[in-house]
Amino acid sequence: MSMPPDSSPRPDVVSVVAPAYNEAENLENLYERVRRSLESDGESFQLLIVDNGSDDTTLDVLRKLSAKDERVQFVSLSRNFGHQGAIIAGLEMASGNPIISMDADLQHPPEVLPEMLKHWKEGAEIVFTLKRKDRSRSLARKLVDWGFYALLSRLSGLQLESGQSDFRLLDRRALLAITGMNERPKFLRGLTKWIGYRQVTIDYDVEPRRAGRSKFNFRQLFRLGLDGVLSFSVLPLRLFTLSGVVVASGAFLYGAFVVASGVYAYISGYPERIQPGWATVATSIIFFGGIQLIGIGLLGEYLGRVYDQVKERPAYLIRERSKALRRED
Ligand code: UDP
Ligand code: MG
């Protein structure tokens with residue numbers, strides 16, 4: 001079971017949720033720009049920052065900001081629960097409507113928020129964003145991104161565009177649909193498409209990171225991608241069965257051919273033409289061995305996820321939260 005949103009809903013407040021892992025140098029700026037952007041739009045807001053087990057001064061900065069302006073709230077997780085884990089924590093604890101998630105490093109410009117809110121007021125329940133141009137990423141990473149979303153769209157039957165991120169607006173109804181799901185890990189980029197509702201997409205220009213370093217390496221991206229594929233498709237398993245059938249029938253036909261030609265050589269009086277064929281045997285054993293190992297690995301990936309799900313461990317644990325987010329329990 002996932003936790004219900006923490007504080008009671010405040011429909012007159014816009015929640016902005018940002019995960020922060022070692023972002024001490026960016027938070028003051030984030031606060032200023034979010035505040036300016038929303039105040040100029042006449043919005044009351046809650047800026048909820050999730051300290052994702054940072055080991056710099058992120059938590060100190062958050063305590064200070066929240067003491068200065070009570071619209072800034074924070075939760076500090078007991079360790080790093082990954083980018084997605086931190087976003088989920090923030091989404092579950094946010095009390096406003098709508099709820100906007102964005103990075104804390106200012107690559108997602110807060111000046112876009114009024115445009116997102118405009119679409120929400122016009123009836124959109126989800127506002128997605130796409131990066132217009134992005135000089136912060138290499139061509140290789142863009143290609144991988146594009147290939148991945150093209151593949152995942154095919155596999156899942158959802159329209160997942162390249163250039164997306166977790167910069168998006170959710171109406172509370174859409175948010176509850178997502179936090180209420182018992183599925184884990186939650187691949188937000190797929191789930192937010194999957195739930196439906198009225199969806200709108202807008203473009204924005206990604207900004208360069210203001211301070212600090214990117215926390216994503218290839219391994220984490222690969223894991224996020226794998227989560228996406230495995231939680232939205234059983235096609236890899238099916239492909240595997242299919243290739244097993246093809247390879248096995250091929251092997252059967254080849255075997256029949258070898259036996260037939262052996263028998264033919266024997267009755268036509270040339271038994272010495274029968275080849276010993278060790279190479280064939282060795283190759284096919286290795287080949288099938290390989291295929292079986294891949295298959296077992298793939299089964300293991302899905303099974304491992306079932307196992308994680310059955311354990312029902314919480315998606316994150318909280319060590320500390322700002323005053324407004326404390327509950328009497
Ligand atoms: N982040 C996080 N936990 C992590 C990795 C990243 O909370 O384990 C946060 C990070 O502080 C930032 C956002 O997620 O606010 C996006 O991360 P980053 O800027 O490193 O990713 P990139 O923009 O390079 O893809
Ligand atoms: Mg970034």
Side-chain angles (χ1 to χ4, degrees), residues 15-34 47-62 65 72-94 99-113 129-146 148-149 161-168 185-189 204-228 315-321:
S15 287
V16 177
V17 167
Y21 178 49
N22 295 344
E23 302 287 4
E25 299 150 275
N26 286 317
L27 297 177
E28 183 89 38
N29 249 322
L30 175 75
Y31 160 67
E32 275 307 327
R33 282 175 61 183
V34 166
L47 173 60
L48 172 51
I49 299 173
V50 182
D51 165 30
N52 199 3
S54 303
D55 38 47
D56 68 350
T57 53
T58 291
L59 184 54
D60 298 328
V61 177
L62 288 177
L65 279 176
V72 179
Q73 284 140 33
F74 66 86
V75 279
S76 178
L77 304 187
S78 62
R79 64 167 170 84
N80 183 293
F81 279 89
H83 179 233
Q84 299 285 298
I87 295 180
I88 303 258
L91 292 180
E92 287 190 353
M93 317 234 1
I99 298 90
I100 300 171
S101 53
M102 64 190 294
D103 286 354
D105 62 355
L106 290 167
Q107 289 200 267
H108 300 155
E111 290 68 32
V112 179
L113 301 184
T129 63
L130 287 181
K131 297 168 194 167
R132 209 173 286 139
K133 42 184 192 274
D134 185 358
R135 291 199 199 85
S136 68
R137 297 190 308 167
S138 64
L139 185 66
R141 195 167 151 187
K142 279 184 213 169
L143 277 176
V144 171
D145 192 75
W146 181 84
F148 170 70
Y149 285 110
E161 283 108 349
S162 146
Q164 60 166 302
S165 61
D166 290 296
F167 185 23
R168 68 173 87 77
K186 285 196 175 112
F187 184 67
L188 289 170
R189 294 170 197 194
Y204 70 102
D205 292 319
V206 193
E207 291 189 16
R209 201 174 226 290
R210 285 297 133 119
R213 293 189 290 116
S214 168
K215 279 88 196 178
F216 268 96
N217 54 34
F218 185 74
R219 215 182 87 232
Q220 281 160 314
L221 284 176
F222 180 77
R223 273 173 57 178
L224 183 65
L226 197 66
D227 282 348
Y316 54 85
L317 292 168
I318 293 165
R319 186 198 297 135
E320 179 180 335
R321 37 184 136 189

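Order of appearance sets the numbers: ligands from 1, and atoms from 1 within every ligand.
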So, does [X] use its side chain to make a donor-acceptor pair with the main chain of [Y] at under 3.5 Å?
X: Arg219; Y: Arg223; value: no
X: Gln107; Y: Glu207; value: yes
X: His108; Y: Asp103; value: yes
X: Lys131; Y: Tyr204; value: no
X: Ser54; Y: Asn22; value: yes
X: Asn80; Y: Tyr21; value: no
X: Ser76; Y: Arg319; value: no

Enumerate the atoms of ligand 1 whose separation from the nearest heavy atom of [X] is less than 4.0 angstrom.
X: Gln107; answer: 19 (O), 23 (O)
X: Glu23; answer: 10 (C), 11 (O), 12 (C), 15 (O)
X: Arg209; answer: 18 (P), 19 (O), 20 (O)
X: Ala20; answer: 7 (O), 11 (O)
X: Asp105; answer: 15 (O), 19 (O), 23 (O)

Contact check: [X] vs ligand 1, nitrogen or oxygen atoms, below 3.5 angstrom:
X: Gly82; result: no
X: Ala104; result: yes
X: Tyr21; result: yes
X: Lys215; result: yes

Parallel, tilted or perpendicular, as decided by the 30° and 60° cut-offs, for the rings of Phe187 and Phe148: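 Perpendicular, since the angle between the ring planes exceeds 60°.
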
- prompt: If you round to the nearest 0.5 Å, how far is CD of Glu23 from OG1 of Thr57?
  reply: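 The OG1 atom of Thr57 sits 11.0 Å away from the CD atom of Glu23.
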
The one among Ile49, Asn80, Asn52 that brings a heavy atom closest to atom 7 (O) of ligand 1: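 Of the listed residues, Asn52 has the closest heavy atom.
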
Nearest option to atom 16 (C) of ligand 1, as decided by whichever heavy atom of Asp103, Leu77, Leu27 sits closest: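 Among Asp103, Leu77, Leu27, the closest heavy atom to atom 16 (C) of ligand 1 belongs to Asp103.
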
Of all the non-hydrogen atoms in the protein, which one sits nearest to [atom], and at what distance?
atom: atom 22 (P) of ligand 1; value: Ser214 OG, 3.8 Å
atom: atom 14 (O) of ligand 1; value: His83 CD2, 2.9 Å
atom: atom 9 (C) of ligand 1; value: Pro19 O, 3.6 Å
atom: atom 21 (O) of ligand 1; value: Phe216 CD1, 3.2 Å

message: For Arg79, give me all partners under side chain to side chain contact (heavy atoms under 4.5 Å, CB included), at least two apart in sequence or on another chain.
response: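 Counting only residues at least two positions away or on another chain, Arg79 forms a side chain to side chain contact (heavy atoms under 4.5 Å, CB included) with Phe81.
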
- prompt: Leaving out waters, which are not shown anyway, how many protein N, O or S atoms lie closer than 2.8 Å to the Mg ion (ligand 2)?
  reply: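 Counting protein N, O and S atoms closer than 2.8 Å to the Mg ion (ligand 2) gives 2.
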
message: Show the nearest heavy-atom pair for residues Pro19 and Ile87, with the distance to one decimal.
response: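 Result for this residue pair: CG-CG1, 3.8 Å.
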
message: Any non-hydrogen side-chain atom of Glu28 less than 4.5 Å from a side-chain atom of Leu65?
response: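 Yes; the side chains approach each other to less than 4.5 Å.
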
field: Check: Arg209 and Leu106 side chains under 4.5 Å, non-hydrogen atoms
entry: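 No, too far: nothing below the 4.5 Å cut-off.
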
- request: Run the salt-bridge test on Glu111 and Arg33 with the 4.0 Å N-O cut-off and return the result as yes or no.
  value: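 Looking at Arg33 together with Glu111, the answer is yes, because their closest N to O distance falls below 4.0 Å.
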
query: Is any NZ, NE, NH1 or NH2 atom of the basic residue among Asp166 and Arg189 found under 4.0 Å from an Asp or Glu carboxylate oxygen of the other?
result: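 Salt bridge: yes.
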
- prompt: Relative to ligand 1, is Val50 under 4.0 angstrom through side chain, backbone, both or neither, heavy atoms considered?
  reply: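 Val50 to ligand 1: no contact under 4.0 Å from either part.
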
- prompt: Which is it for Met102 and ligand 1 at heavy atoms under 4.0 Å: side chain, backbone, both or neither?
  reply: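 Under 4.0 Å from ligand 1, Met102 contributes no heavy atoms.
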
query: Arg141: heavy atom below 4.0 Å from ligand 1, yes or no?
result: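 The answer is yes, since Arg141 has a heavy atom less than 4.0 Å from ligand 1.
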
